[in-house]
Protein chains: 2
Amino acid sequence: MERLDDIFFYTLEKSIKSYRQFAQRAMLKQGFKLTIDQWLVLKAIMDNPDWNQQAIADASFKDFASVTRIIELLVKKGFLTRAIHPTDRRRFLLTPMPKAEQDLKAMRPITEQNRKTALKGISEEQLALLHQYLTRIIENCQNS
Amino acid sequence: MERLDDIFFYTLEKSIKSYRQFAQRAMLKQGFKLTIDQWLVLKAIMDNPDWNQQAIADASFKDFASVTRIIELLVKKGFLTRAIHPTDRRRFLLTPMPKAEQDLKAMRPITEQNRKTALKGISEEQLALLHQYLTRIIENCQNS
DNA sequence: CAAATATAATTGTTATATCAATAAAATGAA
DNA sequence: TTCATTTTATTGATATAACAATTATATTTG
């Protein structure tokens, strides 16, 4: 019988879930009122202020609908303001509030520490290899 | 600036999401009316018929509440029946219907093929290494 | 035994994923 | 310019994740 723990994709799923749970706990403990996903989308927006929501969705590897809803929450929580786009009325102009910049910056050392803790015992070279294999899996799945 | 694609945990997340999407599409295309998560929980139950729902939740690495709801759906879809447990009235006795056995069995070659496709270009040794590193990450996160 | 505690499962709430349907605005072609 | 098409985003429905509160039953302890 094939045990779940022996199934590679089960372990893959469990690893990212474990990390998410760990990172989310750490973030909340430091008083940041953001989910991992909100952080991810906020970062994508700050890094690419001119992109539309579809591009943000692609960048954060999220569904368009999810991005719409996550942005709503980020606006409600005071991280973003949303205004009609000056040249394309279908779009919105997303403007980060000072809080967004501050919190992302303040979160950086925590994020760094989380990653370090999660990757303890894995060398740079091993990590690079892992990264490469995972990228290969992504390609395989997206082209099939 | 740190790009999302360079963040290891982002790639980790993207890889499992890509696989899920790919595997779910393949499963639906073959006419199986199950989600990946329902499949996972059903398999855990079939492999461990005597376990209670909390043990099933642990095995499938899911929240208790999620398992309750997934089981409801599996019952509604005719994969399981649920009766009061003969010796412990807090528990339920979950009994797989013939359909469950049949579908899991019929799905096996598809699952095999999915895995093969997703892992194309990665050797057995590399996979074992990957598996080992991911297990390490899980331990690191769960003990922190 | 009775009261306190522990266990098994459900329910409620909010956030996200996925898919389908829809609305509004922009663009392109006749 | 007008009509068809495309693009951008939202909304609705169902499934799952996480966390808290609750219910029912079992077990332990005094």
Side-chain angles (χ1 to χ4, degrees), chain A residues 13-14 16-29 33-42 44-45 50-58 60-77 79-80 82-94, chain B residues 13-14 16-29 33-42 44-45 50-58 60-77 79-80 82-94:
Chain A
E13 168 120 6
K14 193 164 171 175
I16 188 61
K17 264 192 181 176
S18 300
Y19 178 71
R20 267 181 167 273
Q21 292 170 355
F22 161 64
Q24 182 70 71
R25 275 198 309 273
M27 217 154 89
L28 286 177
K29 197 157 62 186
K33 296 190 172 43
L34 276 174
T35 66
I36 300 283
D37 295 292
Q38 289 163 9
W39 174 88
L40 195 64
V41 169
L42 185 55
I45 292 173
D50 51 324
W51 288 5
N52 67 14
Q53 286 183 208
Q54 301 194 13
I56 295 295
D58 284 342
S60 53
F61 200 59
K62 291 195 169 299
D63 191 74
F64 298 164
S66 298
V67 169
T68 292
R69 288 166 182 136
I70 290 173
I71 287 175
E72 270 170 26
L73 291 173
L74 288 172
V75 169
K76 196 183 296 177
K77 288 183 174 180
F79 288 96
L80 293 177
R82 189 158 63 161
I84 302 238
H85 194 277
T87 64
D88 186 338
R89 294 164 47 82
R90 289 170 306 186
R91 296 181 49 182
F92 289 97
L93 191 65
L94 298 172
Chain B
E13 167 119 6
K14 192 164 171 176
I16 188 60
K17 266 192 178 175
S18 300
Y19 179 72
R20 268 180 165 272
Q21 292 171 355
F22 161 64
Q24 183 69 72
R25 275 196 308 272
M27 217 153 90
L28 286 178
K29 198 157 61 185
K33 296 191 171 44
L34 277 173
T35 65
I36 300 284
D37 295 293
Q38 289 163 9
W39 175 87
L40 195 65
V41 169
L42 185 55
I45 292 172
D50 51 322
W51 288 6
N52 67 14
Q53 287 184 204
Q54 301 195 13
I56 296 296
D58 284 342
S60 53
F61 200 58
K62 291 194 170 301
D63 191 74
F64 297 164
S66 298
V67 168
T68 292
R69 289 167 182 136
I70 290 174
I71 286 174
E72 271 170 25
L73 290 173
L74 288 171
V75 169
K76 196 181 299 176
K77 288 183 175 181
F79 288 95
L80 294 176
R82 189 159 63 163
I84 301 237
H85 194 278
T87 63
D88 186 341
R89 295 164 47 81
R90 291 170 305 185
R91 294 182 50 181
F92 289 96
L93 191 65
L94 297 173

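Order of the sequence lines fixes the chain letters, A, B, ..., with proteins taken first and strands second; residue numbering starts at 1 for each chain.
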Inset, instruction - Please round to the nearest 0.5 Å and tell me the distance separating atom CD of B/Gln53 and atom CZ of B/Phe64. - result: 10.0 Å

Legend entry - Distance in angstrom units between A/Leu42 CG and C/dA15 P, rounded: 16 Å

Inset, instruction - State the CZ-CG distance between A/Arg69 and A/Leu73, to the nearest 0.5 angstrom. - result: 10.5 Å

Legend entry - A/Lys14 side chain to B/Phe61 backbone, donor-acceptor under 3.5 Å: no

Inset, instruction - Counting heavy atoms from C-beta on, name the nucleotide in D/dA15, C/dA9, D/dA17 closest to the side chain of B/Asn52. - result: C/dA9

Inset, instruction - Look at all strands and tell whether A/Asp37 reaches a base, only sugar-phosphate, or nothing, counting heavy atoms closer than 4.0 Å. - result: sugar-phosphate

Legend entry - Side-chain donor/acceptor of A/Glu13 to backbone N/O of B/Lys17, under 3.5 Å: no

Legend entry - No-H, no-angle donor-acceptor pair, A/Arg82 side chain to D/dT10 base, under 3.5 Å: no

Inset, instruction - Return the nearest nucleotide to the side chain of B/Gln38; candidates are D/dA15, D/dT10, C/dA25. - result: D/dA15

Inset, instruction - In whole angstrom, give the distance that lies between atom CD1 of B/Ile84 and atom P of C/dA9. - result: 11 Å

Legend entry - Residue closer to the 5' end of DNA chain D, A/Lys17 versus A/Ala65 (nearest nucleotide): A/Ala65

Inset, instruction - Side chain of A/Arg69 only, please: which of D/dT8, D/dA13, D/dA18 is the nearest? - result: D/dA13

Legend entry - Closest to the B/Ser66 side chain, choosing from C/dA17, D/dT10, D/dA17: D/dA17

Inset, instruction - Decide yes or no for A/Leu40 and A/Lys62: does some side-chain heavy atom of the first lie under 4.5 Å from some side-chain heavy atom of the second? - result: yes

Legend entry - Base D/dT8 paired with A/Arg91 side chain (donor-acceptor, <3.5 Å): no

Legend entry - From D/dT10, C/dA15, D/dT11, nucleotide with atom closest to A/Gln53 side chain: D/dT10

Legend entry - For atom OH of B/Tyr19 and atom C1' of C/dT18, their distance in whole Å: 18 Å

Legend entry - Separation of B/Thr35 OG1 from B/Leu74 CG (nearest 0.5 Å): 7.5 Å

Inset, instruction - Looking at every strand, decide which applies to B/Gln54 at a 4.0 Å heavy-atom threshold: base, sugar-phosphate, or nothing. - result: base

Inset, instruction - Report yes if at least one side-chain N or O of A/Gln24 is closer than 4.0 Å to OP1 or OP2 of C/dA15; otherwise report no. - result: no

Inset, instruction - With the side chain of B/Leu73 defined as its heavy atoms from C-beta on, choose the nearest nucleotide among D/dA24, D/dT16, C/dT16. - result: D/dT16

Legend entry - Euclidean distance, atom CZ of residue A/Arg20 to atom C1' of C/dT16 [Å, nearest integer]: 8 Å

Inset, instruction - For A/Thr87 and for A/Ile36, find the nucleotide of DNA chain C with the closest heavy atom, then tell me which residue's nucleotide is more 5'. - result: A/Ile36

Legend entry - Toward the 5' end of DNA chain C, by each residue's nearest nucleotide, A/Asp88 or A/Val67: A/Val67

Inset, instruction - Please state how far atom CD1 in A/Ile70 lies from atom P in D/dT11, giving the value in whole angstrom units. - result: 15 Å

Inset, instruction - Identify whether any heavy atom of B/Gln21 sits under 4.0 Å from a base atom; if not, whether one sits that close to sugar-phosphate; answer base, sugar-phosphate or nothing. - result: sugar-phosphate

Legend entry - Length of the line joining B/Ile45:CD1 and C/dA8:P, which is rounded to integer Å: 16 Å

Legend entry - Side-chain donor/acceptor of B/Arg89 to base of D/dT25, under 3.5 Å: no

Inset, instruction - Can you see which heavy atom on A/Ile56 is nearest to which on A/Ala44, and at what distance? - result: CD1-O, 3.6 Å

Inset, instruction - Whole angstrom is fine here: how far is it from CG in B/Leu93 over to P in D/dT25? - result: 17 Å

Inset, instruction - Report which part of the nucleic acid A/Asp63 touches: base, sugar-phosphate, or nothing (heavy-atom distance under 4.0 Å, all strands). - result: base

Legend entry - Distance in angstrom units between A/Phe64 CZ and D/dG12 C1', rounded: 18 Å

Legend entry - Residue B/Thr68, side-chain heavy atoms: nucleotide from C/dA26, C/dA17, C/dT10 that is nearest: C/dT10

Inset, instruction - Using only side-chain N and O atoms of A/Lys62, determine if any of them is under 4.0 Å from OP1 or OP2 of C/dA17. - result: yes

